[in-house]
Amino acid sequence: EEALAYYNKVIRRSPPYEMSFNATLNASLCGIERSETKARLQRLLKDPRNDEYRDQIFYAMAQTDFYRSDTASGLRNLESSVFWSIRNPYQKALSSLELAEYYFAHQMFEKSQLYYDTLLRVLPESFPNRGQIYERAKVLKELVSDLMTIKTEDSLQRIAAMPEEEREGYIRQLIADYQEKERARIADEEAKQLLMQDMKKANANNKNSTWDFYNPTQVQAAAQ
């Protein structure tokens, strides 16, 4: 409550926009139990001034979802946070870590490894518990490799045992599924590239802000 009061005090003093945004976002997290918090975050998300901060807004929205036990929505918002993290390696690392640990705890090891891989690509030197993160990622990579070997062998034996016509139909479906996933992946990448181009144009007209949105308290809490 005390932190919330001070954040609101900052907002009322009409500081530069970057500071106002940061205070508003953290005020929302301080009042996470309040009914209007989600609507406040959604208004931030719709504001075009916050396009480059979407990763942080989605992360905050995820925290409100988890507080309300809406796990499915929380995971979607964390995934959106990772996707939209372009200039903020701390936020990308923080959101990736939460997803990696969630999927690991629920024994969804392949998904967990994907987010650990993303995490390791952006992990800042000052991120808490870097050694533990690297160790778990290493062990997980070996585990997933073994699981994939077993899964592949089982699949190949099952396919080989199918009648020829059924086997050919199954393989055609595998190819179709792969092509559909590739189309979705390419569409996502193109959308991200367009956003990056727009941000570069905006940054050409306005000097990059020096405001640091990294919240060490959030990072420390997630890493424990």
Any ion pair linking [Y] and [X] (charged N to carboxylate O, less than 4.0 Å)?
| X | Y | result |
| --- | --- | --- |
| Glu79 | Arg76 | no |
| Lys38 | Glu33 | no |
| Asp70 | Arg68 | no |

Can you confirm whether [X] sits close enough to [Y] that some side-chain heavy atom of one is under 4.5 Å from a side-chain heavy atom of the other?
| X | Y | value |
| --- | --- | --- |
| Ser20 | Val10 | no |
| Asp55 | Lys92 | no |
| Ser28 | Tyr7 | no |
| Lys111 | His106 | no |
| Asn22 | Tyr53 | no |
| Leu123 | Tyr134 | yes |
| Tyr116 | Glu101 | yes |
| Gln63 | Tyr67 | no |

Checking [Y] against [X]: is there a side-chain donor and acceptor pair closer than 3.5 Å?
| X | Y | value |
| --- | --- | --- |
| Tyr59 | Glu98 | yes |
| Thr71 | Tyr102 | no |
| Gln173 | Asp177 | yes |

### Query
Taking the six-membered ring of Phe104 as reference, does the NZ or CZ atom of Arg136 fall below 6.0 Å from its centre and within a 45° cone about the axis?
yes

Please name the pair of heavy atoms, one in [X] and one in [Y], separated by the smallest distance, quoted to 0.1 Å.
| X | Y | value |
| --- | --- | --- |
| Val122 | Pro89 | O-CB, 3.8 Å |
| Pro124 | Arg130 | O-NE, 2.9 Å |
| Ala93 | Leu119 | O-CD1, 3.3 Å |

Separation between [atom1] of [X] and [atom2] of [Y], rounded to the nearest 0.5 Å:
| X | Y | atom1 | atom2 | result |
| --- | --- | --- | --- | --- |
| Met162 | Ile171 | CE | CD1 | 8.5 Å |
| Leu97 | Thr118 | CG | OG1 | 12.0 Å |
| Ile32 | Leu4 | CD1 | CG | 12.0 Å |
| Asn77 | Met61 | CG | CE | 4.5 Å |
| Thr37 | Leu41 | OG1 | CG | 7.0 Å |
| Arg54 | Leu44 | CZ | CG | 12.0 Å |

### Task
Start with the C-alpha gap between Phe21 and Ile57, add the side-chain angles, then the distance that decides, and say whether side chain to side chain contact (heavy atoms under 4.5 Å, CB included) holds.
CA-CA 10 Å; Phe21 170 83; Ile57 300 171; 3.8 Å; yes

### Message
Are there over 12 heavy-atom neighbours, none belonging to Glu165, within less than 6.0 Å of that residue's CD?
### Response
no

### Task
Determine whether more than 12 heavy atoms belonging to other residues, nucleotides or ligands lie under 6.0 Å from atom CZ of Arg183.
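Buried by this count: over 12 neighbours within 6.0 Å.
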
### Query
With hydrophobic residues grouped by side-chain heavy-atom distances under 4.5 Å, do Leu114 and Tyr103 end up in a single group?
no

### Query
Under 4.5 Å between side-chain heavy atoms, hopping through other hydrophobics if needed: is there a path connecting Tyr17 to Leu25?
yes

### Task
Could you please spell out the steps behind the side chain to side chain contact (heavy atoms under 4.5 Å, CB included) verdict for Ile86 and Glu52?
CA-CA 8 Å; Ile86 298 172; Glu52 64 177 300; over 6 Å; no

### Query
Is the side chain of Asn88 donor-acceptor paired with the backbone N or O of Gln91 at a distance under 3.5 Å, no angle test?
yes

### Task
Kindly indicate, with the supporting measurements, whether the criterion salt bridge (Lys or Arg N to Asp or Glu O under 4.0 Å) is fulfilled by Glu166 and Arg158.
CA-CA 11 Å; Glu166 181 182 351; Arg158 180 165 55 86; over 6 Å; no

### Task
Kindly indicate, with the supporting measurements, whether the criterion side-chain hydrogen bond (donor to acceptor under 3.5 Å, both in side chains) is fulfilled by Tyr115 and Ser95.
CA-CA 9 Å; Tyr115 283 104; Ser95 299; over 6 Å; no

